[in-house]
Number of protein chains: 2
Amino acid sequence: MTGNAKKLETVAVERKRGSGVKYVYDVLRDEILDLTLPPGSPIDEIQLSERLKMSRTPIREALVRLASEGLVSTLPNRSTIVSNIDFLNLHTFFDALTLMYRVTTRLAAENHVAADLIAIKAHQAAFSKAVAAQDALAMIATNRDLHAAIAEAGRNPYYTSLFCRLLDEGRRLLRIYYQSYDDRLPHEYVEEHNQMIAAIEARDIDLCDRLGQQHADQIVAQIQKMISRDRRHPIAL
Amino acid sequence: MTGNAKKLETVAVERKRGSGVKYVYDVLRDEILDLTLPPGSPIDEIQLSERLKMSRTPIREALVRLASEGLVSTLPNRSTIVSNIDFLNLHTFFDALTLMYRVTTRLAAENHVAADLIAIKAHQAAFSKAVAAQDALAMIATNRDLHAAIAEAGRNPYYTSLFCRLLDEGRRLLRIYYQSYDDRLPHEYVEEHNQMIAAIEARDIDLCDRLGQQHADQIVAQIQKMISRDRRHPIAL
DNA sequence: TGTATTTTACTTGTCGACAAAATTTCCGCG
DNA sequence: CGCGGAAATTTTGTCGACAAGTAAAATACA
């Protein structure tokens, strides 16, 4: 339709019974966060069922799940669409994101065990590699995974789930601007991450709090800079 | 089965098309939070479809939604069960609840408009009435609605959704103990609520923060008192 | 030609049915 | 009498079909 139908022939044969819904959910979720399915685009159940070689039932169940997580919006008796990004209320997003950065990093300092640090450092290595390769998209993904791992180490599932939701929304947001301008994530992030990891390892809760706040401020400032540089009028669609 | 099948003949005829999933979702959600469906009890799709006079499709979609909100757990190829309450990790619940009490009350002080206060005061009136009537179950419900309204006035949907999830979980928790011992919610809550509302109206952010913390501490202390008074060994099932 | 209305086509919501998994029951064997 | 395995029953996951509702197209009318 709108020219961005590149690799939409995802086919899978002989999938195991029971994995259907999860499969559809994962595919759709990825495509939504990638902006392969741009915000506002309608999702046709029949098209999807043909593309994924699957009945409409598991697709509908995946859509229900995506809807309950806010990634799609279901208009009754009408098509469900990919949720729009509400630029007018971005400050609420920044506010929650900042708080979660602080809280999860604090808790990681308190509650992490040895295995957590190993996982965190692995993610940080992947992030460094993405930065070295100047691969903006990989940076976004690995940064997300790193902070998700820190949140996991904090051992509070309520915070973790909210934080992951926010990180995903952020992934979508960053994609918008990495498509328009091919910017680079500031190099300092690698160093900031290293400081955070060291603080977690040292179980320095207050320092983790400060670093979390600082890291969040950085990211928020960067996104805001991108938005203000964008000449389009930011309106919720 | 376990003797608590009291009013399970909820029937509805001639429902409007499109409302099916929401209807099933609301019924199940209520019964789960009421403990009419106790934690761990299996949910049989066929039984449900017979009870609600409905095909299995909308019921499954409702279950998917409940699962994504953590109210039920789906075991692959096996029955889905009502989520258990994880007594071993209650501290994570208390931690998140306390933070959300503080944050939402703060934000309400910042962002509320006139209409919000009207709604909040209406809920507080309902809560007072429930206290006067010594109706513990109504107290739980109206208390929840009051704080949800305060969160709404804070205008941050991310906090609101997490907070509502926590309040619901709390509703289930309180139900357990209000069934065993017919306790009473402390009378002071009415006065605390009034102080919070006054602080919100005065836009005193710091005071709101303190009152939110204090209120949360009260509630957490009460729940912990109930748990410690309970002689059963609290184990996650 | 533009607008209102009917007709058509398409999409969603719901249903009953079938097949794969898993649990339970039943039987044989030690 | 107890245990292991096979048959049977139950329950889930998936499918194709139909009905209700909506948007688009076609037609009628001013």
Side-chain angles (χ1 to χ4, degrees), chain A residues 1-2 5 8 10-29 31-32 37 40-68 71-83 237, chain B residues 1-2 5 8 10-29 31-32 37 40-68 71-83 237:
Chain A
M1 289 236 171
T2 54
L8 292 180
T10 331
V11 191
V13 278
E14 296 298 328
R15 241 190 328 294
K16 257 177 295 181
R17 170 196 167 85
S19 67
V21 178
K22 183 173 171 26
Y23 173 67
V24 177
Y25 171 82
D26 286 340
V27 169
L28 277 183
R29 179 195 156 82
E31 291 182 356
I32 290 172
L37 294 174
S41 63
I43 297 179
D44 188 275
E45 297 175 4
I46 297 177
Q47 264 186 312
L48 253 181
S49 71
E50 286 168 359
R51 180 152 78 86
L52 302 183
K53 309 283 187 238
M54 205 170 250
S55 158
R56 276 178 53 222
T57 308
I59 285 166
R60 277 173 92 14
E61 292 181 4
L63 287 177
V64 169
R65 192 167 155 202
L66 289 167
S68 89
L71 287 170
V72 304
S73 310
T74 312
L75 320 186
N77 277 322
R78 214 140 355 128
S79 70
T80 83
I81 62 171
V82 178
S83 291
L237 298 175
Chain B
M1 289 233 171
T2 54
L8 291 181
T10 330
V11 191
V13 278
E14 296 297 329
R15 240 190 331 292
K16 256 175 295 180
R17 169 196 168 84
S19 68
V21 178
K22 182 171 172 26
Y23 173 67
V24 177
Y25 172 81
D26 287 339
V27 169
L28 277 183
R29 178 195 155 83
E31 291 182 357
I32 291 172
L37 294 174
S41 63
I43 297 181
D44 188 272
E45 297 175 4
I46 296 177
Q47 265 186 310
L48 253 181
S49 71
E50 285 166 1
R51 181 153 76 87
L52 302 183
K53 309 284 187 237
M54 205 168 251
S55 159
R56 275 178 54 223
T57 309
I59 285 166
R60 285 187 115 263
E61 293 181 3
L63 287 178
V64 168
R65 190 167 157 202
L66 288 168
S68 89
L71 287 170
V72 304
S73 310
T74 314
L75 320 186
N77 278 322
R78 215 139 353 128
S79 70
T80 83
I81 61 170
V82 179
S83 291
L237 298 177

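Numbered from 1 within each chain, the chains take letters A, B, ... in sequence-line order.
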* How many Å lie between CD1 on A:I46 and P on D:dG16, as a whole number? -> 12 Å
* To do: For the pair A:E45 and A:R51, find out whether any cationic side-chain nitrogen is under 4.0 Å from an anionic carboxylate oxygen.
  => no
Report each atom pair, protein N/O against N/O of nucleotides 5-8 of chain C, whose distance is under 3.5 angstrom.
none

* Asked: Could you state the interatomic distance from CZ (A:R60) to CD (B:E61), rounded to the nearest 0.5 Å?
  -> 4.5 Å
* Asked: Looking across every strand, which nucleic acid part, if any, lies under 4.0 Å from A:I43 by heavy atom: base, sugar-phosphate, or nothing?
  -> sugar-phosphate
* Structure fact -> Closest heavy-atom pair, A:P42 versus A:I81, reported as atoms and distance to 0.1 Å, is CA-CG2, 3.9 Å
* Select from A:T57 and A:R78 the residue whose nearest nucleotide in DNA chain C is closer to the 5' end of that strand. => A:R78
* Asked: What is the minimum heavy-atom distance between B:V72 and B:L63, and which atoms define it?
  -> CG2-O, 3.8 Å
* Structure fact -> Between B:I59 and B:L48, the two heavy atoms sitting closest are CD1-C, 3.6 Å
* Asked: Counting N and O atoms only, with roles assigned by atom type, does the side chain of B:T80 sit under 3.5 Å from a partner on the main chain of B:T74, one being a donor and the other an acceptor?
  -> no
* A:K53 has an atom NZ; how far is it from atom C1' of D:dC15, in whole Å? -> 16 Å
* In whole angstrom, give the distance that lies between atom CZ of B:R65 and atom P of C:dG13. => 13 Å
* What distance do B:S49 atom OG and B:R56 atom CZ have between them, rounded to the nearest 0.5 Å? -> 7.5 Å
* Structure fact -> d(A:L37 CG, A:I43 CD1) to nearest 0.5 Å is 6.0 Å
* Axis-to-axis angle across the helix from C:dT1-D:dA30 to C:dG30-D:dC1, five pairs an end, to 10 degrees? -> 10°
* Asked: B:L75 has an atom CG; how far is it from atom C1' of C:dT23, in whole Å?
  -> 13 Å
* Interatomic distance, B:Y23 OH vs C:dG13 C1' [rounded to whole Å] -> 17 Å
* Hey, could you give me the CG/CG distance between B:L71 and B:L28, rounded to the nearest 0.5 Å? => 10.0 Å
For nucleotides 18-21 of chain D, give me every protein contact, N/O to N/O, under 3.5 Å, one pair per line with atom names.
{"from": "D:dA20", "atom 1": "N3", "to": "B:R17", "atom 2": "NH2", "distance (Å)": "3.4"}

* To do: Can you tell me the distance, in whole Å, between the CD atom of A:E45 and the P atom of C:dC10?
  => 16 Å
* Asked: To the nearest angstrom, how far is A:L48 atom CG from C:dT12 atom P?
  -> 10 Å
* Asked: So which nucleotide from D:dC15, C:dT14, C:dT12 ends up closest to the side chain of A:M54?
  -> D:dC15
* To do: State which of C:dG13, C:dA22, D:dC15 makes the closest approach to the side chain of A:S55.
  => D:dC15
* Rounded distance in Å - CD1 (B:I81) to P (C:dA22) -> 17 Å
* At what distance, to the nearest 0.5 angstrom, does OG of A:S83 lie from CD1 of A:I32? -> 7.5 Å
